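Worksheet for the structure shown next.
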Amino acid sequence: MALNLEKSWQDALEQIKTWARVNSPWLVHFNSGSCNGCDIEILATLTPRYDLERFGVKLQGSPRHADVLICTGPVTRQARDRLLRVYEQMPEPKFVVAVGSCALSGGAFQGCYNIVGGIDEVLPVDAYIPGCPPRPEAIIDGVVKLLQNIQSGKHVRPAPPAPPSNGHRAENTDEEAA
Amino acid sequence: MPTTEPREKFIVPIGPQHPALKEPGHFEFTVDGEIVTGATARLGYVHRGIEKGTEDRSWVQNLYLLERICGICSHSHALAYALGVEKLAGVEAPPRAQAIRVLVAELERIHSHLLWLGVAAHEAGFDTLFMYSWRDRETVMDLLENLTGNRVNYSANVLGGVKFDVSVEQADAIRRGLDFLEERTQHYLTVVTTDSMFLRRTRGIATMSKQQAEALGVIGPTARASDVPRDVRVESPYAAYTTFPVEAVLATAGDLEARFLVRVKELFESYRVIREILDRMPAGDLTARMPRRVKEGETVSRIEAPRGELFYFIKSGGGDRPERVKARTPSMFNFASVLTLAVGHQLADIPMIMAGIDPCFSCNDRLVVVNRIGHEADVWTWEKLRQYGIEYYRR
Amino acid sequence: MSTEPLLQKPELVLALSQLDRCRLCMAETLLEAAKALLQPWAAESTLPEPNRMDVPIPAADLLAAVKALHDARWGYLSAITGLDLGPEAGAMEALYHFCMGAAVVTLRVRLPRDEASVPSVCGLIPSASFFERELSEMFGVTVTDTPDPSRLFLPDDWPDGVYPLRKDFVMSPTGGGNGAQAE
């Protein structure tokens, strides 16, 4: 990737950052209450047949060094706060990928009492990968597409989720009841 | 809430992820030096409220909900549920359907055991074994996808039978896949029984005698590794296991090595019974007609999932949706027992003890609270505990 | 596809049936044994399915009944199911399922909906702790002397007094729960 030296130093720095991040992004994985179907397929991407690492993508454990948060699950009440905290610990710029039907909308569990339903009820989501579960190729495809969009500047940052309204979220109704 | 001794417990944040808050969904180990003196757990991370959800869904819709309780043993859940509902409705699925159900169940057992082999190896620090077993596991995933259309959550069952047939080509593909896996499994058997580093982490560790196993109450491969012959396929055969019986694989040592051994040997038994089903597949229909409303009544449906006995209690009020569905997973059963077992062992053995029961939840998420007597409590990530175990045995 | 009829030889049919009959026989024998152990309560027992026996047990006698099965090493406690019969019935049930081979014996404890209480069986069966915690948090059954009364599955911030598996806990269309309408 050629550095355009006529731009300001700030822009140049941005370009370097984007380049480094896109060419070697670090992913952190978070399960917000999934059945493990998606998690296993994510883990499978590391195994020899799919080998996500050959794209320069590294799946590692610490949010503090991560660029991309890859999430599964319909967000159980217990997982919600942890999910937020993991996100908060990530340095900017950061991106969120929702993997699987549950992460998209709550999936088969829509309407169940202990779930919030969909990662984007809690965090701004940059990419959605549908499936139940999506196969490893689909996961890789989604992640790579996101990275390409970031690199080309086509990626649009999502709006943050709407704050919970009265009667819509479990915590509000239940707190009032007690 | 602290239970027995009044000990001051301060949760101190450790590790990259979590600022100070007592996390629901964690294990708590009280240690005196290196020895665990108390163990308890707080689950709930994956609690979605499914049992309640079943009361709002029709009998058919519940098939799809329940098979997503667990992505690893999804067919087991659907099978237990379908068999139970069929019993209530007085419907018997045709023999060919039952045989195909068992075929998929055994393929699922294979994928689950190979998955576990990799995960358990990873817990012990043997990442090469993890990579190899997961690569080999892809063979089973391919077979499952070829048969059912999906790698996970295969939805093979419909109420009254199965959704698809097995063609000659598919049967041949399965046979070829099994030939490959059988050869690989021989290799794993050798590793598990002769590799000295591996044996150091498994031989003589977390031993449960037969009496202990019976007293504690364990099921599945963990029980069979302690010579307790509990296997629902043998004791209370269901679906086509009456026609295609399996033998329970037992070991006597009752230690971690035995738990590895039992699961690896069970793979051979699965290969054998699948081949037998393919050779003697009954002719006939794939489904029997099911009513929309199911007669009033209660039933118990027990099947042998890869991790042990899966227990379903289903109550119908005579309508088009269940009155109650209770699903007791094998992991829940084994968890309670293994926490009792942990007491008296070294902290460094905990990752392998937990791995030994093949617990059904995502590895990354478990948190561990370690209370050292005389010190403040620490919160560790599972990764930290796992590393602790690996380092300990390197000394 | 090879479609050999499964049952080619009549002798095999007979043999197979005999095996199945043998198993059923074993289950019935096991149930007879359990019935003998559970006197006098077993007088009220029923057989909802050939391999299952239901025995109604008053809460006060639960420990004695469990002890009878446990001491004789009749099977293992496989699960505890809570059943809410609804506000109109004013009753709930706690079902203790014991399994041995193909036989299942269920001790049915009928409880009043208000102030439902059973004694803990953890003194005899330590691993019942998880089952008791679940029964308690989902149905509001008090399990006296249970070693760990804390919640198992429900979050810490779940409101007290709201029991999700009770019939009058209604989920809102968007998920969550009505909490306020429980009781």
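In the text below, chain A, chain B and the rest are named by the order of the sequence lines, each starting its count at 1. Since the model is a prediction, treat every value here as computed from it, not as a measurement.
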**Asked** For A/Glu88, is it the side chain, the backbone, both, or neither that has a heavy atom closer than 4.5 Å to a heavy atom of chain B?
**Response** neither
**Prompt:** Mind checking whether A/Arg77 and B/Arg48 have side chains closer than 4.5 Å, heavy atoms only?
**Reply:** no
**Prompt:** What's the spacing between A/Leu46 CG and B/Trp134 CH2 if we round to 0.5 Å?
**Reply:** 9.0 Å
**Message:** If I measure from the heavy atoms of chain B, does A/Ser34 come under 4.5 Å with its side chain, its backbone, both, or neither?
**Reply:** backbone
**Asked** Less than 4.5 Å apart, any side-chain heavy atom of B/Ile72 and any of A/Ile40?
**Response** yes
**B/Asp136 and A/Arg49 ion-paired at < 4.0 Å** = no
**Fill in**
When the 4.5 angstrom heavy-atom criterion is applied to B/Asp56 and chain A, the contacting part is neither
**Item:** Atom group of B/Glu145 that falls short of 4.5 Å from chain A, counting heavy atoms
**Value:** side chain
**Asked** Do B/Arg68 and A/Cys132 come close enough that some side-chain heavy atom pair is under 4.5 Å?
**Response** yes
**Closest heavy-atom pair and its distance - A/Cys112, B/Gly49** = SG-O, 3.8 Å
**Asked** Given side chains that start at C-beta, do those of B/Arg151 and A/Pro133 come closer than 4.5 Å, heavy atoms only?
**Response** no
**Request:** Answer whether the closest heavy-atom distance between the side chains of B/Leu65 and A/Phe109 falls below 4.5 Å.
**Result:** yes
**Item:** Heavy-atom side-chain proximity of A/Tyr113 to B/Ile50 below 4.5 angstrom
**Value:** no
**Asked** If you count heavy-atom pairs under 4.5 Å with chain B, which of A/Gly106, A/Gly107, A/Ala79, A/Cys38 comes out on top?
**Response** A/Ala79
**B/His47 and A/Asn114, any side-chain heavy atoms less than 4.5 Å apart** = yes
